[in-house]
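Order of the sequence lines fixes the chain letters, A, B, ..., with proteins taken first and strands second; residue numbering starts at 1 for each chain. The analysis underlying the following values was restricted to heavy atoms, covering all of them including side chains, and did not include hydrogens, waters or symmetry mates. Here the structure is a predicted model, which is why all the values come from computation and not from measurement.
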Protein chains: 2
Amino acid sequence: MIRTSASSADCQIDNNTSCGTCRLSGLCLPLRMHLDDIDRLDRVIQRSRPLQKNQYLYRANDPFRSIYAVRSGTVKATTLTERGQEQITGFYLPGELVGLDGIAENRYTCSVMTLETSSICEIPFARIEELSAQIPSLQRNIFQLLSREITHDQQLISLLSKSSAEQRIAAFLLSLSRRHEARHLAANAFRLPMSRTDMGNFLGLTIETVSRVLSRFHAQGIIQLDKKEVRIADFPRLQELSEANN
Amino acid sequence: MIRTSASSADCQIDNNTSCGTCRLSGLCLPLRMHLDDIDRLDRVIQRSRPLQKNQYLYRANDPFRSIYAVRSGTVKATTLTERGQEQITGFYLPGELVGLDGIAENRYTCSVMTLETSSICEIPFARIEELSAQIPSLQRNIFQLLSREITHDQQLISLLSKSSAEQRIAAFLLSLSRRHEARHLAANAFRLPMSRTDMGNFLGLTIETVSRVLSRFHAQGIIQLDKKEVRIADFPRLQELSEANN
DNA sequence: CGGGTTGTTGAGCAATATCAATCAGGGTGG
DNA sequence: CCACCCTGATTGATATTGCTCAACAACCCG
């Protein structure tokens with residue numbers, strides 16, 4: 001198991017590694033903070049060398065020390081159900097934070113694994129607590145990030161509770177699209193970094209159903225699909241499919 | 001629409017209304033705080049006269065001002081899906097907090113409505129932010145409460161994604177049971193304050209399925225059921241049903 | 001007492017899961 | 001370099017779960 005316990009030497013792997021220069025700072029923790037406060041935050045953040053595919057960032061029940069920001073790549077968070085099945089609770093793109101679930105019980109309730117080679121910023125939570133008592137905008141950001149995670153989860157609850165297979169997959173593709181857009185990446189063409197199995201697990205569908213629905217969307221000209229590469233050909237139709245059933 | 005904007009006069013309706021004397025303080029926001037800090041917290045909390053059944057505490061898109069603790073009664077939180085359907089995201093018992101979803105966007109994303117006559121403590125969030133910068137244990141409690149909401153939502157995601165109707169309802173009954181127990185109430189006999197429709201909505205099932213499964217559990221002697229009154233007759237079996245499928 | 005709302009029960013159906021066969025791609029070892 | 005295997009994805013056939021529609025019962029409130 002590879003851990004992200006960065007020494008200061010590691011920080012020099014990439015010489016562009018500070019919140020001040022990071023293109024993601026408009027999405028991530030330093031959002032709307034003053035430059036000097038970002039600097040104080042920056043000094044407690046540890047940046048490790050990239051993790052390869054299928055590496056655990058941490059596992060459920062590990063003691064909670066840090067929250068983590070995805071700098072590049074994609075990770076998935078999974079919980080174990082009572083009968084030992086894995087349930088994916090989210091996929092996280094650059095600029096998104098994982099580990100927030102660990103705060104409640106001082107140990108993580110999820111495991112987090114990379115889906116591809118990924119760089120991660122580790123943010124020791126004890127430091128965050130100290131700093132956020134001193135920097136109101138940081139405290140506010142943490143509150144908001146936690147709250148945003150809640151509203152995201154509730155949207156997912158709604159999706160899982162009410163929607164058909166087509167709606168789920170349409171909504172999933174649109175969610176990825178929007179998040180790419182927010183990162184100044186193409187909204188209409190991107191790579192699905194997760195397997196069909198992972199998609200199905202996340203969306204509460206079997207792998208066969210995922211495959212069938214994607215094939216159907218492709219056949220209907222709504223998307224183009226080549227293995228993991230997707231191109232959304234008909235946004236309005238996909239939007240419709242994600243919403244309306246009748 | 002009734003609001004909980006309490007004047008100091010309102011506070012005197014019930015002369016036992018302070019966090020220091022509240023039986024729920026071991027579950028609620030003041031958890032593990034020093035007495036004098038609880039006192040400071042107490043002074044910003046506004047306690048209104050009880051709300052009657054089916055009153056909105058707040059509605060989605062209302063500007064976010066406060067979080068709310070349920071003091072007595074039960075409330076439900078609902079979001080509106082894209083096509084205008086209501087999705088219940090949670091039921092909240094005494095000692096539990098609602099309104100945390102509002103922090104992210106400075107307006108609520110859920111509506112919250114009482115299921116029965118309920119007393120609510122209103123906690124202005126701006127005050128909380130100030131105080132929690134000064135009282136580390138309070139800051140920590142807020143972080144933990146937010147994080148706990150996340151882990152709860154994720155458990156629900158797992159339930160909705162993976163489980164059969166029987167598993168969902170078994171798990172739901174057990175969840176209520178555990179929460180009653182934590183409040184020193186009977187774990188094996190309680191009242192379901194929500195309608196079958198609400199249960200179905202929350203669990204992603206139709207009202208007919210809810211009714212059938214409850215009837216089946218009753219017929220099998222696992223629960224006793226008289227309208228909204230439940231009595232869990234066979235805990236181990238219910239536990240089994242909530243977990244194992246095969 | 002009556003009417004509206006909520007809950008229960010039954011019958012048939014539709015959506016998705018399950019089971020199974022096949023295919024494609026990638027890595028490995030001969 | 002190719003044959004082989006292994007994993008992941010696709011597609012087809014069938015089974016099953018829970019939804020839909022419908023009738024009816026119970027309760028609540030005036």
Please state how far atom [atom1] in [X] lies from atom [atom2] in [N], giving the value in whole angstrom units.
X: A/Ile207; N: D/dT7; atom1: CD1; atom2: P; value: 13 Å
X: B/Asn201; N: C/dT6; atom1: CG; atom2: C1'; value: 15 Å
X: B/Leu115; N: C/dT6; atom1: CG; atom2: P; value: 13 Å
X: B/Glu229; N: D/dC27; atom1: CD; atom2: P; value: 14 Å
X: B/Asp226; N: D/dC27; atom1: CG; atom2: C1'; value: 12 Å
X: B/Gln167; N: C/dA17; atom1: CD; atom2: C1'; value: 14 Å
X: B/Glu208; N: D/dA25; atom1: CD; atom2: C1'; value: 15 Å
X: A/Ile169; N: C/dA15; atom1: CD1; atom2: C1'; value: 13 Å

Discussion item. What's B/Leu205 touching, base or sugar-phosphate or nothing? Going by heavy atoms closer than 4.0 Å.
Written reply: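 Touches sugar-phosphate only.
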
Item to complete: Remember a base hit wins even if backbone is also touched, and classify B/Gly200 as base, sugar-phosphate or nothing at under 4.0 Å, heavy atoms.
Response: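 Nothing, no nucleic acid heavy atom in range.
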
Using only heavy-atom distances, determine whether the side chains of [X] and [Y] contain a donor-acceptor pair under 3.5 Å.
X: A/Gln55; Y: A/Thr114; result: no
X: B/Asp101; Y: B/Thr109; result: yes
X: A/Thr79; Y: A/Gln87; result: no

Practice prompt. For this output row, return yes or no: ring centroids of B/Tyr58 and B/Phe64 closer than 6.0 angstrom.
Written response: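 No, the ring centres sit 6.0 Å or more apart.
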
When you measure from the side-chain N and O atoms of [X] to the phosphate of [N], is any distance below 4.0 Å, counting only OP1 and OP2?
X: A/Lys227; N: C/dG26; result: yes
X: B/Thr206; N: D/dG18; result: no
X: A/Lys228; N: D/dA9; result: yes
X: A/Ser215; N: D/dT11; result: yes
X: B/Thr197; N: C/dT6; result: no

Selection from [options] that lies nearest to any side-chain heavy atom of [X]:
X: B/Ala165; options: D/dG18, C/dG7, D/dG12; result: D/dG18
X: A/Ser211; options: D/dA9, C/dG10, C/dG26; result: D/dA9
X: B/Arg196; options: C/dT8, C/dT16, D/dT10; result: C/dT8

Practice prompt. Select from A/Arg212 and B/Leu225 the residue whose nearest nucleotide in DNA chain C is closer to the 5' end of that strand.
Written response: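 Whichever sits nearer the 5' end wins; that is B/Leu225.
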
Fill in: Shortest non-hydrogen contact from A/Ser48 toward A/Arg71
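Reported closest heavy-atom pair: O-NH2, 3.9 Å.
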
